[in-house]
Amino acid sequence: MTDFPQRFPATRLRRIRQSGWVRNLTAETTLTPQDLIWSLIVHDGDTPLIPIDSMPGINRLNVAEAAKAAARASALGIPAIAIFPHINPAHKDETGRECLNPDGLIPRAIKAMKAAAPDVGIICDVALDPFTTHGHDGLIDEDGYVLNDETVDTLVKQALVQADAGADIVAPSDMMDGRIGAIRAALESAGHTNTMILSYAAKYASGFYGPYRDAIGSATALKGDKQTYQQTPANTDEALREVAMDIAEGADMVMVKPGLPYLDIVQRVSSQFGVPTMVFQVSGEYAQIMAAHDRGWIDGPRVMMEALMAFKRAGASGIITYYADLAAERLQTS
Ligand code: PBG
């Protein structure tokens with residue numbers, strides 16, 4: 001790239017920045033509504049919308065509102081929605097058994113959303129934390145240690161419940177070892193050969209998930225942290241090993257999470273593996289931008305669009321974001 005002379009004034013790089021049309025023409029990266037996955041929090045009550053304090057502008061939706069959101073996504077050209085449940089505390093227990101209820105919140109939401117917008121992909125989180133009283137993603141022993149293989153058995157059943165209800169993509173976010181292979185094998189034997197797996201392959205133990213834990217109601221419950229299963233923020237080679245194993249076990253797509261603080265991981269994963277690489281702009285990233293916007297310190301929508309473009313530039317094929325609908329609207333009018 002630099003083996004030809006680029007010398008001033010023959011080269012003035014500002015020439016290609018002088019007006020909008022030429023900036024557009026020479027853009028190396030594009031962002032469209034098709035790059036977005038809308039993350040939505042659903043709840044099992046009657047109230048249509050319940051605002052989430054730590055995520056200004058975001059509500060928990062009841063099932064009817066989730067169906068409306070699916071229609072909205074379709075109209076905006078957003079290809080898929082990822083749903084996350086806020087479970088009534090009365091339905092939580094130590095083992096998260098409610099996640100296996102075929103008439104539970106997630107199966108009902110999937111059906112309502114598919115009925116409202118059959119062309120929008122539905123992605124379901126596979127993990128136990130919304131359903132457990134202790135807020136961990138898996139089953140725990142007496143010492144509070146999250147058990148791997150026992151948890152995988154439950155995750156397999158949870159993924160089958162989601163697939164049976166019509167989920168297009170199951171997305172294990174729990175970071176147990178071996179769960180992708182186990183889920184893939186179970187989907188195959190159950191005849192769900194077309195159900196895709198989006199593995200949260202490189203998911204870090206991050207403080208950026210704070211507002212999400214408020215949103216799903218697991219924050220106050222969570223005992224300890226998730227460092228024995230989620231990745232250490234210091235590591236990058238380890239992320240590549242996680243991704244390699246998950247692809248070998250049958251993941252169709254992989255994810256890096258959180259997003260902006262881990263752009264280096266997005267770039268390494270997308271360039272080394274060439275598999276569809278998603279990135280999650282998590283709740284804390286959303287909250288940071290919106291809180292600063294609300295104080296008048298930054299232009300929130302502008303910063304949002306810049307962050308979303310940065311994910312594309314780093315090599316992401318898709319971006320999960322709570323801002324997807326508003327981003328799509330901006331992209332349609334710009
Ligand atoms: C857990 C899960 C988390 C998120 C999605 N699934 C958080 C966690 O690991 O505690 C985070 C989403 C966000 O912060 O927006 N299975």
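All of these numbers come straight from a predicted model, not from anything done at the bench. One-based numbering, in listed order, for ligands and for the atoms of each.
The protein heavy-atom contact nearest to atom 2 (C) of ligand 1 is Lys203 NZ, 3.2 Å. In terms of protein heavy-atom proximity, atom 5 (C) of ligand 1 is nearest to Lys257 NZ, 2.7 Å. Scanning the protein heavy atoms around atom 14 (O) of ligand 1, the nearest turns out to be Ser283 OG, 2.7 Å.
Atom CD1 in Ile247 sits 10.5 Å away from atom CD1 in Ile180 (nearest 0.5 Å). Here Ile183 contributes atom CD1 and Leu155 contributes atom CG; the two are 5.5 Å apart, rounded to the nearest 0.5 Å. For the atom pair Met255 CE and Ile37 CD1, the distance stands at 7.0 Å (nearest 0.5 Å).
The ligand atoms of ligand 1 that sit less than 4.0 angstrom from a heavy atom of Arg213 are 8 (C), 9 (O), 10 (O). Close approach of ligand 1 to Phe280 (heavy-atom distance below 4.0 Å) involves ligand atoms 12 (C), 15 (O). Close approach of ligand 1 to Gln230 is summarised as follows: ligand atoms under 4.0 Å from at least one heavy atom of the residue are 8 (C), 9 (O). Annotation for ligand 1: atoms under 4.0 Å from non-hydrogen atoms of Asp129 are 1 (C), 2 (C), 16 (N). Under a 4.0 Å criterion applied to the non-hydrogen atoms of Tyr322, ligand 1 contributes the atoms 12 (C), 13 (C), 15 (O). Proximity to Ala127 (heavy-atom distance under 4.0 Å) selects the following atoms of ligand 1: 16 (N). For ligand 1 and Ser173, the ligand atoms under 4.0 Å from any heavy atom of the residue are 1 (C), 2 (C), 6 (N), 16 (N).
The hydrophobic cluster containing Leu36 also contains Met196, counting ILVMFWY residues as joined when their side-chain heavy atoms lie under 4.5 angstrom apart, directly or transitively.
Of the candidates Phe208, Tyr204, Tyr212, the one placing a heavy atom closest to atom 13 (C) of ligand 1 is Tyr212.
Distances between N or O atoms of Gln281 and those of ligand 1 include no value under 3.5 Å. Here's the thing with Tyr200: none of its N/O atoms is less than 3.5 angstrom from an N/O atom of ligand 1.
Inter-residue side-chain proximity for Thr236 and Ile265 is flagged as met; some heavy-atom pair is nearer than 4.5 Å.
Under 4.0 Å from ligand 1, not a single heavy atom of Asp174 appears. With a 4.0 Å cut-off on non-hydrogen atoms, Val282 touches ligand 1 through its backbone as well as its side chain.
Glu98 and Asn101 share a donor-acceptor pair across their side chains, judged by distance under 3.5 Å alone. Between the side chains of Asp164 and His192, at least one donor-acceptor pair of N or O atoms lies under 3.5 Å. Between the side chains of Asp214 and Ser54, at least one donor N or O lies within less than 3.5 Å of an accepting N or O. Checked by atom type, the side-chain pair Asp119/Ser74 shows a donor-acceptor distance below 3.5 Å.
The closest approach between any non-hydrogen atom of Glu285 and ligand 1 is not below 4.0 Å.
A cation-pi arrangement is present between Lys203 and Tyr200, with the terminal nitrogen or guanidinium carbon under 6.0 Å from the aromatic centre and inside a 45° cone about the axis.
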